[in-house]
Structure formats: C-alpha cells, structure tokens
Amino acid sequence: MSIHSHFGGSVADMGFMTQYLEALSLVERLHRLLLDVIKDEFERLGILEINSVQALLLFNVGDNEVTAGELKSRGYYQGSNVSYNLKKLVETGYMHHQRCEIDRRSVRVRLTEKGRKVQEIVAELFARHADGLEDRSVLDLNGIEEINTALRRVERYWSDQIRYIY
C-alpha cells in the first residue's frame, strides 16, 4: 500500500507528508548520530566505563539534583531506561543517590566529581560542535533559531496529541 492510498489526500498533502516523514527520519538519525559522536569522543579519551546515553544523561543532569521521575517528565528518557542507567551511574561512581526525606520511595541523584568531569567533556564537545557549525557556515544564529522554533512547535503539537487524544 502506498503512502498516498494509506493516508489519502491531495498531491499537495502528499508533498507535506513526504517532507514530514523525512523530518521524522532526520530527527531519529540525528539522535543516533549524536550518540555515536559522543561514543567516539569517549573512546578517543579512553573512557569506556560508561556509554553515550549515560554520558548524555550526566550532561543533562548537570548541577541539578533530580529524581528519575523528573528526568522522565522532562522528556529526556524512557522509564526503565532511566532507572537502569541511573543505577549503573551510581554503581560506577558518577552519581550520588539519596532517598527523599518526604517520599521514601523516591531517590534523588546528583553528579559526583567523576560525573562532573564527564559532564564537562560533553559540554566541551558540544561547544566545539557549535563553533564548527558557525565557522564552517553550516548554520548561523538565525538558522539554528528557526530550527529550534520549528522543533518546539512539533513538540507542543505531539504533547497535545498525547494529552488530549488518549
């Protein structure tokens, strides 16, 4: 079954649908590529104890003290994935964990000094990327702002679909 017969609609609609599917594919590929870039950086530095998802998680936690639920609600990670990775990061000494005084079922985590070093490595990597994108005229400030605006609109649309349809 073709996309056209499956989704119906005019030729103009199919042009939009084709572009939408390409955008979805790009977002997915970019995320995987980002993880590969982080993995390569850590391999280059000889840091093999954690994976790229865990390094990105450390970067996203930064200076905050958070729960697994907060990371999930911010939309960074899926449930079991976040719990598994937080457990591994605590076991390997990248994070401290402490039971919440109010809700004993909840555990708060924050970076250790070792975790902060990983966070800094990822921050430096991203800073090099930002400089490279600008220096090589891949993107300028206007271009990146347009991308972010468009992606935020899609994020709001998808969030609304989850909230109001189900």
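We number each residue from 1, following the sequence as shown.
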Check your understanding: Going by an N to O cut-off under 4.0 Å, is there a salt bridge joining Lys114 and Glu49?
Key -> yes

Check your understanding: Got a second to check how far Leu34's CG is from Ile38's CD1, nearest 0.5 Å?
Key -> 4.0 Å

Revision key, fill the gap. When rounded to the nearest 0.5 Å, the distance separating CG of Asn51 from CZ of Phe42 is 10.0 Å

Review point. What's the spacing between Glu145 CD and Asp140 CG if we round to 0.5 Å?
Key: 9.0 Å

Check your understanding: Of all heavy-atom pairs between Arg108 and Glu65, which one has the smallest distance, and what is that distance?
Key -> NH2-O, 2.7 Å

Check your understanding: Relative to the ring of Tyr20, is the ring of Phe16 parallel (under 30°), tilted (30 to 60°) or perpendicular (over 60°)?
Key -> parallel

Point to revise | Flag if over 12 foreign heavy atoms under 6.0 Å of NE2, His129 | key: yes

Review point. Within the distance-only criterion (no hydrogens, no angle test), does the side chain of Ser52 pair as donor or acceptor with the backbone N or O of Lys39 below 3.5 angstrom?
Key: no

Point to revise | Any donor-acceptor N or O pair under 3.5 Å, side chains Ser25, Arg29 | key: yes

Point to revise | Glu120/Lys117 salt bridge by N-O under 4.0 Å criterion | key: no

Check your understanding: Between Arg128 and Glu124, is there a side-chain N and carboxylate O pair less than 4.0 Å apart?
Key -> no

Check your understanding: In terms of hydrophobic clustering (I, L, V, M, F, W, Y; side-chain heavy atoms under 4.5 Å; direct or indirect links), are Leu33 and Val138 co-clustered?
Key -> no

Review point. Is it true that Lys88 and Glu91 make a salt bridge, defined as a side-chain N closer than 4.0 Å to a carboxylate O?
Key: yes

Exercise for review: Compare every heavy atom of Thr112 with every heavy atom of Met95, then report the nearest pair and how far apart it is.
Suggested key: C-CG2, 3.5 Å

Point to revise | Close side-chain approach of Asp63 to Leu111, heavy-atom, < 4.5 Å | key: no

Point to revise | Straight-line distance of Thr67 OG1 to Leu86 CG, nearest 0.5 Å | key: 9.0 Å

